[in-house]
Structures are given as structure tokens and as C-alpha cells.
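Order of the sequence lines fixes the chain letters, A, B, ..., with proteins taken first and strands second; residue numbering starts at 1 for each chain. These values consider heavy atoms only, across backbone and side chains, with no hydrogens, waters or symmetry-generated copies.
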2 protein chains.
Amino acid sequence: MKYYSISEAAALCNIPETTLRYYDKKGLLPLIERDEAGRRMFSETQMALLQTVICLKNTHMPISSIRQYMAWIVEGEATLELRLDMMRKHKQKVLQEIAMLTGYLPAIDEKIDRYLKQLEEKTT
Amino acid sequence: MKYYSISEAAALCNIPETTLRYYDKKGLLPLIERDEAGRRMFSETQMALLQTVICLKNTHMPISSIRQYMAWIVEGEATLELRLDMMRKHKQKVLQEIAMLTGYLPAIDEKIDRYLKQLEEKTT
DNA sequence: TGTTGACTTGGACCATGGTTTAACCTTTAT
DNA sequence: ATAAAGGTTAAACCATGGTCCAAGTCAACA
């Protein structure tokens, strides 16, 4: 089984090493293995979990919730419903955020169009 | 011309008064008028500008950039191109954000589906 | 007249999400 | 043996976006 060092993991995920250590400290990377020298070893499984962390972080889930989610994963089957519920709620949040951003696009376009017109008038 | 007090403005925009004062302090509400007692008076024009501030803030433009944009508005015609450029870039940012969030939806759906299946298996 | 309610201020405080620092520990290559 | 490369830690520091507090002003009403 291949293991990645923290620098390899960081490079693969395109994220600073310091951030990975910070996530570990915050409990976002449970069950992370260490070698004899105490260095973090990222297994393929860990890399997959890390991808999940990054997905949740990029979709603006707070660190504290990501920690809770990862803790539930470690707990196993008993927390399936909790995780399902959390993901469903999170999906709704993401959809709402997309809707909000999309909803503002016309207002932004309006300003762009107005400035274009005004610039045109200025030069004519 | 109708003027709104800070509490009315706050209520209309559904935003705390403290945040409005904070925005003013940060230079996001230029040209705001005051009555004899020093109280802020929001004209219809100010309310429209405030809507713009809220639009930009909700679409994640940093306070410092919003301040720059508002300062350009005050400067007038000479800054039309700068404002146009800023809005175009901002629109691209918003589109990218929408794309990123949308791009993560399948990963979230996958988790939801997986949990649903696992729960089904558990009860069968 | 006094007190109530809405407003003002500067500055302290807070939460979030990292980033930096300083001192230290292992391998490995020279 | 020693230095460079890559890793460790706790704790301090930072930026962002507010939020809260104490002390004061002002207008109106009992």
C-alpha cells in the first residue's frame, strides 16, 4: 500500500502543508497514521477522505461541522442516518448559495451594460 | 424627498444597524447625509447604493474592493472604465464560484445515495 | 424636569480560517 | 561528523467581517 508524505499530499491536493497540519490539529483528518519518526502518512483511504474534506470546505461547510462529519465516519454504521441528514442539509445550503449567486448575476450584468452604454455615449 | 433612519434602512435591507455603521466606517456608504443631530439619513439614492453594496457583499466581493468601487462612483465619469472592468472581473469570479459549487454537487449526491443504499441494506 | 428611546462615537472584543515562528528531530548524502 | 532536506510541535500572529460596550447627545412626552 502506497503512502504519501505530507508534502506529496499537499502537492496532490494543491493545498499548503501548513493547512493540512491545521486540519489535522482541528480533527479533520482522523485515523491518520504516523511512521516511526512521527511523520504523517497519507494512505489512499486518507487521500480519499481528504478529498471529501476539501469538497466540504470548498462548499463552505464550517470546520467544526466537517470535524463532526469525519468523527461520524470513524464511528461507523451507527451514524449513517446522521451523515445522510448532514449531507442532505449541506446540499440544500449549496443549492441556496448557487441560487443566490445566480440571482445576483442580472444586477451585475445591468451595471456592466449601463457602463458600456455610458462609455459609448461619451465617445459619440 | 423621503429619508430613512438607520433603523429603517436596516429593517428594509434586513441587515443589522451595527453592520450599516461598520460599512459606513469602512467607507462603503460615501456621501451619506446627516441631520442636525448627526444622525445618518438614507435617501432613496443611498438606499439604491446600499443595495449595490449588499449585492457585492453577498457575491463575496471583499470590503476593500467595495470601498474602491463606491469611491469610483463618487468620482464620476472619469472612472467609468475602471468600474466596468471591476464589474466584468467580478462577474467572472461569481461565475467561477457558481461553477465550483455546481461541480461539487455530484460528489455530495454520491454520498447521499451511498448512505441511502447502506441504510436500505441494513434494514433488509 | 426627568426619563425614555433612538441615535452617536472610538475602541475593545470575537469567530473563522489559516500562516508564521522558533526550536527541535530524523534520514540521507558528502 | 555534519549539513541539508523534510518533518514535528505549541503558540503567536494575521486578515476578514463583523459585534459589543461605555459614555455621550438629542428630541419628545408625562
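The side-chain contact (heavy atoms from CB on, under 4.5 Å) test with B/V94 singles out one residue from B/E97, B/K91, B/H90, and that residue is B/H90.
Residue A/I66 contributes atom CD1, which lies 11 Å from atom C1' of C/dG17 at whole-angstrom precision. Residue A/I54 contributes atom CD1, which lies 15 Å from atom C1' of C/dG17 at whole-angstrom precision. Taking atom CD on B/E36 and atom P on C/dA6, their separation rounds to 19 Å, with Å as the unit. Taking atom CZ of residue A/F42 and atom P of nucleotide D/dG6, one finds them 16 Å apart after rounding to whole Å. When the P atom of D/dG7 is taken as reference, atom CZ of A/R21 falls 7 Å away, rounded to whole Å. A straight line from CG of A/L20 to P of C/dT19 spans 10 Å, rounded to a whole angstrom. The distance from atom CG of A/D35 to atom P of C/dC25 is 16 Å, rounded to the nearest whole Å.
Atom CD of A/E75 is surrounded by more than 12 heavy atoms from other residues, nucleotides or ligands within 6.0 Å. Other residues, nucleotides and ligands contribute over 12 non-hydrogen atoms within 6.0 Å of the NZ atom of A/K2. When the shell of 6.0 Å around CG of B/D35 is examined, it contains more than 12 heavy atoms from other residues, nucleotides or ligands.
Remark: the backbone N or O of B/K26 is paired with a side-chain donor or acceptor of B/R67 at under 3.5 angstrom. When atom types are taken as modelled, the side chain of B/Q46 and the backbone of B/P30 share a donor-acceptor pair closer than 3.5 angstrom.
A sub-4.0 Å separation between OP1 or OP2 of C/dA6 and a side-chain N or O of B/S5 is absent. Residue A/R39 places no side-chain N or O under 4.0 Å from the OP1 or OP2 atom of C/dT26.
In this structure, B/E17 reaches the sugar-phosphate backbone alone: every heavy-atom distance under 4.0 Å involves primed, P, OP1 or OP2 atoms, never a base. A/R40 comes within contact range of the sugar-phosphate backbone alone, with a heavy-atom separation under 4.0 Å but no base atom that close.
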Step-by-step side chain to side chain donor-acceptor pair (under 3.5 Å) determination, B/Y4 to B/E44: CA-CA 8 Å; B/Y4 301 92; B/E44 295 291 354; 3.1 Å; yes
Under 4.0 Å protein heavy-atom contact, by nucleotide of nucleotides 16-25 of chain D - B base, S sugar-phosphate only: -BBB------
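The line from CG of A/L80 to CZ of B/R114 is 9.5 Å long, rounded to the nearest 0.5 Å.
The nucleotide whose nearest atom lies closest to any side-chain atom of A/R34 is, among C/dA6, C/dT9, D/dT9, D/dT9.
The minimum heavy-atom distance between B/C13 and B/M47, with the atom names listed, is SG-CE, 4.1 Å.
Against DNA chain C, the stretch residues 88-99 of chain A makes no heavy-atom approach under 4.0 Å.
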